[in-house]
Amino acid sequence: MSSGHPGLTNDFQEKGSPFNWSAENVKEIEIIKSKYPIERVQSAVMPLLYLAQKQNDNWLSSECIEKISETLNMPKIRVAEVASFYSMFNLKPVGKNLIQICRTSPCWLRGSNKITSTICNSTKCDINQTSDDGLFTVVEVECLGACSNGPMIQINDDFYEDLNEKNTKEIIENIKNNKPNKVGSQTGRSSSENAE
Ligand code: FES
C-alpha cells in the first residue's frame with residue numbers, strides 16, 4: 001500500500017504528467033473568470049483547482065498548480081497555499097474511489113469508529129492509504145455537513161448516510177463488483193426527517 005493523506009502531506013508536492021486544460025475546461029474557465037471583476041480574477045483559484053483535480057484523476061500535481069498559476073497570472077506559491085489548506089484538494093494520487101469518513105463528534109457518537117473499521121477491513125487499507133489495486137483510498141475528515149444522518153461517508157462526489165457495519169460493507173462490496181450503490185440515506189429516510 002502507498003501511504004500519505006492526499007490532502008495533508010509534508011512532502012508537498014508530487015510531480016505528475018504534463019497538464020494542459022481540456023478544450024471543455026478552457027470554455028468553462030472563461031465562464032468562471034467572467035464572474036469576477038477583472039482585478040479580482042485570481043479569486044477564481046478555487047473553482048480552477050476543482051476543475052484541474054477533476055481533469056487529473058482526482059489529484060493536483062505540481063503541473064496542475066503551475067497551469068493554474070499561469071492561467072490566473074498569480075504566483076505558484078499562492079495557488080499552492082490554497083490547495084494545501086483544504087482537505088478536498090488531493091496533493092498526491094488517490095485511488096479510483098476516495099472514501100472520506102467523517103469522524104467529528106455527531107458521527108462519532110453514532111458509531112463512526114465501527115464504520116472506519118469496517119471500511120479498513122473491506123478495502124484492506126489503513127487510514128491515509130491506497131489499496132494495492134488502486135481501487136480505494138481511505139481518509140478521515142472532519143464534519144461533511146450531514147450530521148443528522150451520521151454516521152456518514154463520502155465516496156468521490158456522493159454521500160452515504162445512516163450507515164451501519166452491514167450496509168457499509170455492502171457498499172464496498174458493490175464497488176468491488178462494479179454494482180451500483182444507492183446514494184444518500186441507506187435506511188430510506190428522506191433528507192433529515194426523524195429516524196424513528
Ligand atoms: S459530524 Fe459527521 S457529517 Fe457532521
Side-chain angles (χ1 to χ4, degrees), residues 1-10 12 43 45-54 56-60 81-131 134-177 179-196:
M1 296 178 195
S2 59
S3 63
H5 189 298
L8 292 173
T9 173
N10 292 326
F12 181 83
S43 299
V45 65
M46 291 280 280
L48 265 61
L49 283 164
Y50 176 77
L51 275 189
Q53 180 163 278
K54 277 271 176 199
N56 195 54
D57 292 331
N58 207 14
W59 76 288
L60 291 164
E81 282 168 357
V82 177
S84 59
F85 182 80
Y86 294 100
S87 66
M88 75 274 279
F89 294 127
N90 307 317
L91 304 179
K92 290 186 172 184
V94 293
K96 193 171 168 200
N97 298 278
L98 175 60
I99 304 177
Q100 300 180 71
I101 308 167
C102 175
R103 65 177 178 190
T104 304
S105 309
C107 282
W108 180 74
L109 286 167
R110 300 273 294 167
S112 65
N113 281 354
K114 289 181 185 167
I115 303 307
T116 301
S117 301
T118 302
I119 289 171
C120 287
N121 287 335
S122 298
T123 61
K124 299 193 170 30
C125 285
D126 286 332
I127 299 298
N128 298 337
Q129 290 189 330
T130 296
S131 59
L135 199 53
F136 300 103
T137 295
V138 180
V139 297
E140 285 184 313
V141 294
E142 304 306 332
C143 180
L144 288 169
C147 324
S148 57
N149 291 26
M152 61 79 64
I153 59 174
Q154 181 175 349
I155 304 179
N156 294 337
D157 291 336
D158 294 320
F159 276 15
Y160 297 86
E161 303 158 357
D162 294 321
L163 296 175
N164 55 39
E165 288 160 289
K166 181 171 179 290
N167 58 30
T168 301
K169 192 167 180 194
E170 283 168 3
I171 289 167
I172 303 300
E173 289 307 312
N174 282 342
I175 291 173
K176 286 184 190 170
N177 294 313
K179 290 187 180 167
N181 271 316
K182 177 177 125 185
V183 299
S185 171
Q186 300 301 299
T187 58
R189 67 168 156 157
S190 173
S191 188
S192 55
E193 68 181 1
N194 194 320
E196 303 304 325

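Both ligands and their constituent atoms are indexed starting at 1 by order of listing. Numbering of residues begins at 1 and proceeds along the displayed sequence. These numbers come from the heavy atoms of this one structure, side chains and all, not from hydrogens, waters or symmetry mates. Not measured: the values here are computed from a predicted model.
- Ligand 1 places these atoms under 4.0 Å from at least one heavy atom of Gly145: 3 (S), 4 (Fe).
- Around atom NZ of Lys114, no more than 12 heavy atoms belonging to other residues, nucleotides or ligands sit under 6.0 Å away.
- Within the 2.8 Å limit, Cys143 places at least one N, O or S atom next to atom 4 (Fe) of ligand 1.
- At a threshold of 4.5 Å between non-hydrogen side-chain atoms, the residues Asn181 and Asp158 do not count as touching.
- Those atoms of ligand 1 with a heavy atom of Cys107 less than 4.0 angstrom away are 1 (S), 2 (Fe), 3 (S).
- Inspection of the Ser185 and Asp162 side chains reveals an N or O donor paired with an N or O acceptor under 3.5 Å.
- The contact set between ligand 1 and Pro106, taken as ligand atoms under 4.0 Å from a residue heavy atom, comprises 1 (S).
- For the residue pair Asn167/Gln186, the side-chain donor-acceptor check at 3.5 Å is not satisfied.
- Between Glu170 and Lys166, at least one side-chain nitrogen of the basic residue sits less than 4.0 Å from a carboxylate oxygen of the acidic one, meeting the salt-bridge criterion.
- Ligand 1 places these atoms under 4.0 Å from at least one heavy atom of Leu144: 3 (S).
- The protein non-hydrogen atom at the shortest distance from atom 3 (S) of ligand 1 is Ala146 N, 3.3 Å.
- Checking Cys102 against atom 4 (Fe) of ligand 1, every N/O/S atom stays at or beyond the 2.8 Å cut-off.
- Under a 4.0 Å criterion applied to the non-hydrogen atoms of Cys147, ligand 1 contributes the atoms 1 (S), 3 (S), 4 (Fe).
- For ligand 1, the atoms closer than 4.0 angstrom to any heavy atom of Thr104 are 1 (S).
- Within a 6.0 Å sphere centred on CZ of Phe159, other residues, nucleotides and ligands contribute more than 12 heavy atoms.
- Residues Cys107 and Gly150 share a closest heavy-atom pair of SG-CA, 3.7 Å.
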